[in-house]
Amino acid sequence: MFITLEGPEGSGKSHQISGLADFVRERGYEVLTTREPGGTAIGDQVRQVIMNMKNTEMDPRTEVLLFCSARAQLVDQVIRPALSRNVVVLSDRYGDSTLAYQGYGHGLDLEALRLILGFATGGLKPDLTLLLDVDVVEGLRRRRQSGGEWNRLDAYEVQFHQRVRNGYHELAGSEPERWRVIDANASPEMVQSNIRQVVGQRLVPIK
Ligand code: TYD
């Protein structure tokens with residue numbers, strides 16, 4: 001099973017994914033977690049180029065192709081081999097981030113993006129996608145406060161992040177069987193418990 005976590009900045013995906021991995025393991029499954037952009041040696045190098053605060057002149061189409069090149073490598077080298085061994089794969093972001101950020105955020109054509117995504121992933125789609133939904137201003141505040149890496153994309157204006165969040169809601173609404181929306185404004189414990197409830201419905205314990 002392939003599960004992805006999506007959401008705007010500061011939605012707490014990275015924190016929640018490790019708790020989810022424990023839960024899936026307790027249910028008797030082997031788990032692999034990964035993150036985008038990155039997740040492979042080549043992908044991590046591409047990540048440096050995308051995130052570098054000095055690359056202010058980067059065109060959104062360049063962003064798409066870089067994200068998708070890292071993703072192609074991740075799918076081929078990590079995700080597909082794990083799925084073929086029946087490992088549960090949890091990814092912090094995947095193709096829907098490209099639709100939300102470069103599509104809804106930057107206004108690039110969604111159909112073109114879907115073609116590029118299909119090419120990059122060989123058509124691999126998640127079985128379940130959790131949208132960790134957080135208020136944009138609150139998310140950016142959390143992000144600043146966490147003291148973590150403040151990257152080139154975090155620095156886009158608030159309206160950009162608002163379009164991203166609205167885009168996620170459109171994506172979730174257009175494929176309700178794949179998406180579940182989790183309120184990430186709640187406490188981390190509450191968010192984790194809601195995530196476990198959703199995933200628990202799909203993963204029967206095998207021990
Ligand atoms: P990261 O530091 O991993 O932050 P986060 O914890 O929010 O995932 O940065 C990833 C950034 O890249 C984030 O701003 C979202 C953006 N992004 C895209 O714009 N398009 C994509 O396809 C992906 C995978 C990420």
### Task
Determine, for Asp135 against Arg141, whether the closest basic-nitrogen to carboxylate-oxygen distance falls under 4.0 angstrom.
no

### Message
Less than 3.5 Å apart, any donor N or O on the side chain of Glu36 or Ser97 sitting next to an acceptor on the other?
### Response
no

### Message
Quiz question: by atom type and distance under 3.5 Å, do the side chains of Arg163 and Gln159 form a donor-acceptor pair?
### Response
no

### Query
Atom CD1 in Ile116, atom CG in Leu65: separation rounded to 0.5 Å?
5.5 Å

### Query
Hey, is Asp133 close enough to Arg165 for a salt bridge, meaning N to O under 4.0 Å?
yes

### Query
Would you call the rings of Tyr101 and Phe160 parallel, tilted or perpendicular if under 30° counts as parallel and over 60° as perpendicular?
tilted

### Task
Report the C-alpha distance between Val49 and Val46 in whole Å, list the side-chain angles of each, state the deciding distance to 0.1 Å, and finish with yes or no for side-chain contact (heavy atoms from CB on, under 4.5 Å).
CA-CA 5 Å; Val49 177; Val46 174; 5.5 Å; no

#### Entry: Short side-chain donor-acceptor distance under 3.5 Å, Arg71 and Thr98
yes

### Query
Should the pair Arg25-Asp22 be classified as a salt bridge under the 4.0 Å nitrogen-to-oxygen rule?
yes

#### Entry: Aromatic centroids of Phe2 and Tyr94 separated by under 6.0 Å
yes

### Message
Just by distance, no angles: are the side chains of Thr34 and Ser91 close enough, under 3.5 Å, to form a donor-acceptor pair?
### Response
no

#### Entry: Short N-O contact, Glu175 and Lys125, less than 4.0 angstrom
yes

### Query
Does CZ belonging to Arg202 count more than 12 external heavy atoms closer than 6.0 Å?
yes

